2 protein chains.
Amino acid sequence: MAKQESNVDRIYNACRQMAANFEFKPDERINESSLATKLEASRTPVREALNRLVAEGFLTFQNGRGFFCRSLSPNRIMDLYEARVAIECEALRRCVERATDDEIALLVSYLDASEPHYQTCDDPMELLGMDEKFHMDLARLSQNSELVLMLNNLNDRIRYVRLVDLKSLRSSAPIVASEAAQLSAHRIILAAVERRDGDAAVAAMRSHIERRREEATDAVRIAYSQLYVPSD
Amino acid sequence: MAKQESNVDRIYNACRQMAANFEFKPDERINESSLATKLEASRTPVREALNRLVAEGFLTFQNGRGFFCRSLSPNRIMDLYEARVAIECEALRRCVERATDDEIALLVSYLDASEPHYQTCDDPMELLGMDEKFHMDLARLSQNSELVLMLNNLNDRIRYVRLVDLKSLRSSAPIVASEAAQLSAHRIILAAVERRDGDAAVAAMRSHIERRREEATDAVRIAYSQLYVPSD
DNA sequence: GTGCACCAAACTGTATACAGCTTATTATTC
DNA sequence: GAATAATAAGCTGTATACAGTTTGGTGCAC
């Protein structure tokens, strides 16, 4: 019962990660043969994986010309942030209705535990990981797997820009200020959930995400410069 | 510049429609060879199309066993309805912010034009088509293509059950009552949009969709009986 | 008759071949 | 020298072949 991860899954996961990290550059054409060689497989399973990624919004496809990386534009990213608002706020509403006190308490203790790390951690990737985990755990309490899947997809498509955004925040503002604000936003949301105050929770969540959305245009600009400069 | 629709697109569209209509029965295993023969193609492009449908939630995939139709369960359908609430309400908020008066007026006149049909039309498919068109047109006014795509996907996955639900409503209640209520819900939503009253619009939309969600369990039960009975 | 082992048929997973289209390069004309 | 046409190279789209796995059926033991 161990052999679950199939070859096409392996290829799919590898490509998904590459696409998420913009290892394929925006609008870049993807060469199936070289990708297949790199992943030590033939073109057939590679194409299957790429087709899934098209349906998930990571790639695009043009008949006769093949697969391309999705483009990276402020508008597109803002759309994704708005979709996040939609999904997370609805999930939150259902969470307030359905989550048990125990489940909420568990999330509170996670927040308690991760709070110190927020202050000391200087790896943006890890910070983002903690942030995403909180949001995903919260969404799971909605008991709606569709919303969870959608949020997971959105997170993966938006991550690169969020990471860039986080880095630029950290360089421009004191760590304590920006991250403490982030953290307290989570506390405010969760406190409202504990009170079973759906409206307050949703309002807090909305403004929490919206704040980041407004930075999207700048973040995309920075992202572009990062993508086309050899290294940092 | 005419030849845009590729072969795999044709196959994809055909399979998507079959999956949406549950021409593949719930949890049924899909035979690639016979499907390929039926669509007059080889297995390769068929598998590519099926992979896209997996990513879109129409099918599932098990390593070594191939593709299966998604299962049909009340919980799953209720999840989809909730996701619809999430997407449509957020789209509506953005629509209230962004739609021009002209765009809204256009939708009002569509509603005026379709109102008579609501009363006279006795084809559930056509009724559902008009309903979906209204919702999609409204969503498009959000100017958020991501939300539009998501809603389109949800509509296609939920359609079969909605159709069954609509048929059963029509047989149990007088046409005028149930459909007039449906129609007036659209009017109420749109009137709130005209007043630029986002909260009222969202509240109306939420209860409009929620009402149908509550019928999901029954509708799925009826759907099953329809699927496994030769004809009506 | 039930459970288990074995076998055969059927189906999936992937490599490969090749036709047709797209893109890049070179040659040609003005 | 720039624009365009012709040509070559490369890449995509799909059929096909075959290996490996799953599934269904048969016979045997109990």
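In what follows, chains carry the letters A, B, and so on, assigned in the order in which the sequence lines appear, proteins first and then strands, with residues in each chain numbered from 1. As the structure is a computational prediction, the values presented were derived from the model and not from experiment.
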Exercise for the section: If a pair satisfies salt bridge (Lys or Arg N to Asp or Glu O under 4.0 Å) and one of its residues is in residues 215-226 of chain A, list it, with sequence neighbours excluded. Expected result: A:R212-A:E215, A:D218-A:R221
Handout entry: Set of residues satisfying side chain to side chain contact (heavy atoms under 4.5 Å, CB included) with respect to A:Q62, sequence neighbours excluded
Key = A:R65, A:F68
Problem - With sequence neighbours excluded, residues passing side chain to side chain contact (heavy atoms under 4.5 Å, CB included) with B:V220 - result: B:L72, B:P74, B:I77, B:V161, B:Y224
Exercise for the section: Kindly state each residue pair satisfying ring pair (Phe, Tyr, Trp, His ring centres under 6.0 Å) with at least one member in residues 75-95 of chain B, sequence neighbours excluded. Expected result: none
Output a table of nitrogen or oxygen pairs between the protein and nucleotides 12-16 of chain D separated by less than 3.5 Å.
residue	atom	partner	partner atom	Å
D:dT12	OP1	A:I30	O	3.1
D:dG13	OP1	A:G64	N	2.9
D:dG13	OP2	A:R47	NH1	2.5
D:dG13	OP2	A:R47	NH2	2.9
D:dG13	N7	A:R43	NH2	2.9
D:dG13	O6	A:R43	NH1	3.1
D:dT14	OP1	B:N7	ND2	3.1
D:dA15	OP2	B:S42	N	2.5
D:dA15	OP2	B:S42	OG	2.1
D:dA15	N7	B:T44	OG1	3.0
D:dT16	O4	B:T44	OG1	3.3

Practice task
Round to the nearest Å and state the distance from B:N51 atom CG to C:dG13 atom C1'.
Solution key: 11 Å
Fill in the blank from the handout: So ring pair (Phe, Tyr, Trp, His ring centres under 6.0 Å) across residues 17-59 of chain B, not counting sequence neighbours, yields B:F22-B:Y160
Handout entry: Spacing between A:R10 atom CZ and C:dG13 atom P, to the nearest angstrom
Key = 15 Å
